[in-house]
Amino acid sequence: DGGITQSPKYLFRKEGQNVTLSCEQNLNHDAMYWYRQDPGQGLRLIYYSQIVNDFQKGDIAEGYSVSREKKESFPLTVTSAQKNPTAFYLCASSAQGAGETQYFGPGTRLLVL
Amino acid sequence: GQNIDQPTEMTATEGAIVQINCTYQTSGFNGLFWYQQHAGEAPTFLSYNVLDGLEEKGRFSSFLSRSKGYSYLLLKELQMKDSASYLCAASRGGATNKLIFGTGTLLAVQP
């Protein structure tokens, strides 16, 4: 089956800790994205990558980092610099180019202890 | 600036028709997406409009007016399983595929 997987489904972070969220796709998509979803707000773009070994900051990149070493994988690290990390994190992928449909993974809910 | 507006909540009756409106303002607009999202789950793609007019897909239709910065999603023969949040997203233009999302419209279908 082709699709996008995210793990874990739930993640707990202690104060001052970095955590990494996994995102893998086997759709052969060049572009991948990370969004954050908070209650009452639309999805906000954290980082995106149009091709392997390249990525760009989105609208709310502060306190986050990413890497894109493989086409299939786009992990997101939530660093201790992110002061309000509690949210639902969604990864998406698409073919490259404007107007291509983005397909979403099941999401990771991050909670701060 | 870039902005998308859609109603926060709507209620409709099973078997009825409901229209969810979306107005947008973006630079370099390419097209308008609609996604469905059930609580705690991933958004799933419903439709994409590039040209003005109505696109019909079974019980769901989507309309776009580029000159008015306006779109709507029309759901017919509502079913209980249609209770979900409906997200409007505008393509921001340029060579990238960045989207700007509305806050979503939570639709409650009642018996």
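Every chain is numbered from 1, with letters handed out A, B, ... down the list of sequences.
Counting heavy atoms from C-beta on, the side chains of R92(B) and L45(A) come closer than 4.5 Å. Taking 4.5 Å as the limit, some side-chain heavy atom of Y35(A) sits within range of a side-chain heavy atom of L99(B).
Using a 4.5 Å cut-off between heavy atoms, D59(A) touches chain B through its side chain atoms alone. Contacts of S94(A) with chain B are made by side-chain atoms alone, with heavy-atom separations under 4.5 Å and no backbone atom involved. For E9(B), no part sits under 4.5 Å from any heavy atom of chain A, backbone or side chain.
Scanning residues 81-93 of chain A against chain B with a 4.5 Å heavy-atom cutoff picks out F88(A), L90(A), ordered by number. Residues of residues 105-113 of chain A that come within less than 4.5 angstrom of chain B, heavy atom to heavy atom, are G105(A), P106(A), R109(A) in numerical order.
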T44(B) vs Y103(A), test: side chain to side chain contact (heavy atoms under 4.5 Å, CB included). Steps then yes/no. CA-CA 7 Å; T44(B) 55; Y103(A) 296 94; over 6 Å; no
Under the criterion side chain to side chain contact (heavy atoms under 4.5 Å, CB included), I'd like the reasoning laid out for Y35(B) against F104(A): C-alpha separation, chi angles, the key distance, then a yes or no. CA-CA 10 Å; Y35(B) 285 86; F104(A) 286 83; 3.7 Å; yes
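Residues T103(B) and G40(A) approach most closely at CG2-O, 3.6 Å, considering heavy atoms.
F29(B) and L87(B) fall into different hydrophobic clusters, defined by Ile, Leu, Val, Met, Phe, Trp and Tyr side-chain heavy atoms under 4.5 Å apart, directly or through other members. Connection of L32(B) to F45(B) is not established within any shared hydrophobic cluster, with ILVMFWY side chains joined at heavy-atom distances below 4.5 Å, either directly or through further cluster members. M32(A) and L21(A) fall within a single hydrophobic cluster, where Ile, Leu, Val, Met, Phe, Trp and Tyr are joined by side-chain heavy atoms under 4.5 Å apart, directly or via other members.
Without hydrogens or angle criteria, N30(B) side chain to A98(A) main chain gives no donor-acceptor distance under 3.5 Å.
More than 12 heavy atoms of other residues, nucleotides or ligands sit less than 6.0 Å from atom NZ of K57(B). In the displayed structure, E77(B) atom CD is contacted under 6.0 Å by at most 12 heavy atoms of other residues, nucleotides or ligands.
For the atom pair CD (Q37(A)) and OG (S85(B)), the distance works out to 7.5 Å, reported to the nearest 0.5 Å. Note: Y48(B) OH to Q102(A) CD = 11.0 Å, rounded to the nearest 0.5 Å. The OG1 atom of T96(B) sits 12.5 Å away from atom CD of E100(A), with the distance rounded to the nearest 0.5 Å.
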